[in-house]
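Quick notes on the structure that follows.
Order of the sequence lines fixes the chain letters, A, B, ..., with proteins taken first and strands second; residue numbering starts at 1 for each chain. Hydrogens, waters and symmetry mates play no part in the numbers below; they use all other heavy atoms, side chains included.
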Protein chains: 2
Amino acid sequence: MKDRIIKHSIALFEKKGFSETSIQDIVDTLGVTKGTFYYYFTSKEQLLTQIHLQYIDYILEQQRRIIEQPDKSWKEKLSDVIQMLIQQIRDRGGSARIFFRELLHITGDDLSDMTGKRDQFRFNFQFIIEQGMASGEFRDDLPADMMTFSVLGACNWCYTWFNPDGPMSDAEVASIYTEMFLNGMKK
Amino acid sequence: MKDRIIKHSIALFEKKGFSETSIQDIVDTLGVTKGTFYYYFTSKEQLLTQIHLQYIDYILEQQRRIIEQPDKSWKEKLSDVIQMLIQQIRDRGGSARIFFRELLHITGDDLSDMTGKRDQFRFNFQFIIEQGMASGEFRDDLPADMMTFSVLGACNWCYTWFNPDGPMSDAEVASIYTEMFLNGMKK
């Protein structure tokens, strides 16, 4: 039931916006009572936090696995992370969109937890670029943090336009992006 | 007064979110009555539309001027548009943030007007890339629409992290981005 609540809430938040969606709207969609909602979540904000944490924890774990692959170059690891990110937008587009749009509704400790994890993802991304600079795979005349922002930004932006039913698959988009960025980062 | 309402509303929408900001909040900040608000705007949604239109009309006009410069290469024009976009995020960060975040609150004809203009900006951007491909300044083995999405996405993403008081100026960020992208797009 918890997962069903999360799934339906993502759809509602995405369509109507977080503020305009009431707990009543959520339980009505599921045909359950508010009691059921409150059994799993203390508030709508806590539900939103759970949605965000699920998303960020998942991509952090995937990123960690990619970085730890022993036989791959830093170029390949960067390419794998780009592909994973765009695939996530394909599979969890709703989560991604509300993640970026509704972040201002998360406050206090939840917010520090969330921004800490977002920063972690970015730092890991930058780590790949720095290692690739050190190994001579990437040019080292541009600041690694700015290269990180630009590549990560371009990938994240896909949530605003990528359509899984469109003419281009997530893998195709990722491969064009990778080709362009790796070329841009070439020594 | 109209401009003051717009300016203060942007700050409020950015901080609290559009839905959580009431017309009462806006007029309280300005020390005026609701009558004043309704003299200039028919609703909060119409005010949001005005904010979005001001932003998009301004960057469209700047883009048009850049494209029409007679003595510049397509590379230089692309670089100028990137610089203009990031400078706008410096100067009108609040507008940019609420533009991307609150778009779902615009509906009907206003929405078609807005998305039409956003698409126009993207098509003009793609036009620069296509012209640069035709002139031999850019590689032509990657689809121009995807190159557009990636560069434009990276620039737009700056609104999530760029801090005008941070260590890097908007001109520096733009020059690093341009260098990386132009290199990525090199034949």
Apply ring pair (Phe, Tyr, Trp, His ring centres under 6.0 Å) to residues B:W157 and A:F149 and explain how you reach the verdict. CA-CA 8 Å; B:W157 195 253; A:F149 274 127; 9.5 Å; no

Does A:N183 form a side-chain contact (heavy atoms from CB on, under 4.5 Å) with B:R139? I'd like the steps, not just the answer. CA-CA 11 Å; A:N183 206 36; B:R139 62 193 291 180; 3.0 Å; yes

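In this structure, chain A has heavy atoms under 4.5 Å from both the backbone and the side chain of B:I176. Proximity to chain A (any heavy atom under 4.5 Å) is shown, for B:M147, by both the backbone and the side chain. The parts of B:E179 that come within reach of chain A are both its backbone and its side chain, each placing non-hydrogen atoms under 4.5 angstrom from that chain. Looking at B:R122, neither its backbone nor its side chain comes within 4.5 Å of chain A, counting heavy atoms on both sides.
To the nearest 0.5 Å, atoms CH2 (B:W161) and CG (A:D145) are separated by 7.5 Å.
No single ILVMFWY cluster, assembled from side-chain heavy atoms under 4.5 Å apart, contains both B:Y58 and B:F123.
By the neighbour-count criterion of 12 heavy atoms within 6.0 Å, atom NZ of A:K16 is densely surrounded, having more than that number from other residues, nucleotides or ligands. Within a 6.0 Å radius of CG in A:N163, more than 12 heavy atoms belonging to other residues, nucleotides or ligands are found.
For the pair A:R101 and B:E102, the minimum side-chain heavy-atom distance is 4.5 Å or more. Side chains of A:E172 and B:M146 form no contact here, defined as non-hydrogen atoms less than 4.5 Å apart.
Here A:G153 is the residue among A:G153, A:C155, A:P143 with the most heavy-atom pairs under 4.5 Å with chain B. Put simply, of B:G17, B:S150, B:C158, B:S19, the one with the most heavy-atom pairs under 4.5 Å next to chain A is B:S150.
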